[in-house]
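Throughout, a chain's letter reflects where its sequence line sits, starting with A, and its residues are numbered from 1.
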Amino acid sequence: MKDFLIFLPLTVVYLSFKTTIAFSFPLPDITLLIVLFAAQRGTSVWGVVLSFVLGYTEDVFGAAVLGSSSFSLVLIFAIVHLASKRVHFLTAPARAVAAGSLSLVRGILTMMVLMMSGIYVAIFPQIFLNAFVTAAFAPVILPAFLWLSAIKVPGAIRGGER
Amino acid sequence: MLSFVKRHRIIVASVIFCLLSLHLASNRKKGTGGEAIVRYSLSLAARPIQITLASVRSRVKGMWEGYIYLVGIKEENEALNKKMYALLEENNRLKEEIGLNERLRDLLKFKEESPYPVVAAKILSLNGFGTGENWTRTLTLDRGTISGIMVDMPVVSTQGVIGRVIETLKHTSTVLLLTDPRSDIDVIIQRTRIHGIVEGGSDKLILKYIRQFDDVETGDMVVTSGLSGIFPKGLQVGMVTRVEKGEDNIFRYIEVNPSTDLRRLEEVLVITQGSPLSGIENAGNSGT
């Protein structure tokens, strides 16, 4: 529940920033990194709800097809949650590779949902650029999330590390 | 069964939310009741942030254009620095004022010449010009239902069509740009009066349903046909930039460059009342 209070306002500020000042610049996919972070450390159903809400917010904010982002984010949460039992993203390169790969997966999932809704868009160049930028920033942003989530509850740092 | 659900609660919850998302996506045209509440709440939360950031953007842009470029002069004219910066600041402010005045004068001229009542609106945010899953092309205006804006009203600039309103709240509204893949506009080639449909292709426009033998050339102007019931007739949409044979041997593949540079927009006009025919056309035409 605490994650909601931290990450939902963060997402709204990020989306506002992205659509006003930085609409022409490639930015890392913060919502994906939040989901990656939440799935890695959490074993609660709230993580799934958070992923859905972040995706829904993103869709509403961008006036996109409702469900396109939430579907990909929830599925990515499930994938990372299952993988986190065997794979841990402790080092910076591991975080970058994970974030980049998941960004590609997210792009493909979004395209699939759009096709299902009757919208055919070729966004491959953007997907690759986004994956690259997200991968480049992930080693910095993921530890920042850990720090952010530990502000109020110091014990969460221990719980967050694997 | 219950123990299975408890043991795999995250996967079960994920499946439920994935199905819910797919349900939302497949019912996109119908919409849900809760959607409006979420949109309104988000708009309330985001509007102050967007206004602040939009103002910061405009100030930074002004500084960049009028000040940063001239920093080199400082080294050559140290004695005149203080005076120069004061004058630059004044000059920059005046340039911004002149720019704003020019844009507003153009809008006013357009407003006066336009046979339709229009409302001027400032752009708060642009969605979909960055990277990643930003396949949408929409923008948020600082005017909403309180200013008389309603869904399906055409949005134009002095250069031509921008898009149409797809969502309105009390103080803001969302515009589907003509470059959005969901947008389609009934158009005619100005020179030859051939009809077609312009569809959004993210950063360009695709002119569809033009037959192989139809007379269309690069450089032809494309204007609205007025048949859709949303856009008045004769508004500029763009210019034909590429004409190819097309894969199906029936229709041509034609690319159109939008007449307005959508990334540089700051103010737009919303036509609050359609053409005299639009009411009649709307009755039998639900498309764009």
Proximity breakdown for Ile166(B) and chain A, heavy-atom pairs closer than 4.5 Å: side chain

Residues which pass side-chain hydrogen bond (donor to acceptor under 3.5 Å, both in side chains) with Lys208(B), listed by chain and number, not counting sequence neighbours: Glu199(B)

Tyr14(A) atom OH, over 12 foreign heavy atoms within 6.0 Å: yes

Check: Phe7(A) ring centre within less than 6.0 Å of Phe145(A) ring centre: yes

Proximity breakdown for Thr57(A) and chain B, heavy-atom pairs closer than 4.5 Å: both

Backbone of Ile197(B) reached by a side-chain donor or acceptor of Asp184(B) within 3.5 Å: no

Side chain, backbone, both or neither of Ile11(B) within contact of chain A (heavy atoms, under 4.5 Å): side chain

Note, Leu269(B) side chain near Ser157(B) side chain (heavy atom, < 4.5 Å): no

Trace of the side chain to side chain contact (heavy atoms under 4.5 Å, CB included) decision for Arg106(A) with Ile76(A): CA-CA 7 Å; Arg106(A) 188 186 175 189; Ile76(A) 283 170; 3.5 Å; yes

Segment of Leu73(A) engaging chain B (4.5 angstrom heavy-atom cut-off): neither

Lys204(B)/Glu255(B) ion pair, N-O < 4.0 Å: yes

Close contacts, residues 93-101 of chain A versus chain B, judged by heavy atoms under 4.5 Å: none

Aromatic plane relationship, Phe17(B) with Phe52(A) - under 30° parallel, 30 to 60° tilted, over 60° perpendicular: tilted

Greatest number of heavy atom pairs closer than 4.5 Å to chain A - which of Thr174(B), Leu20(B), Leu22(B): Leu22(B)

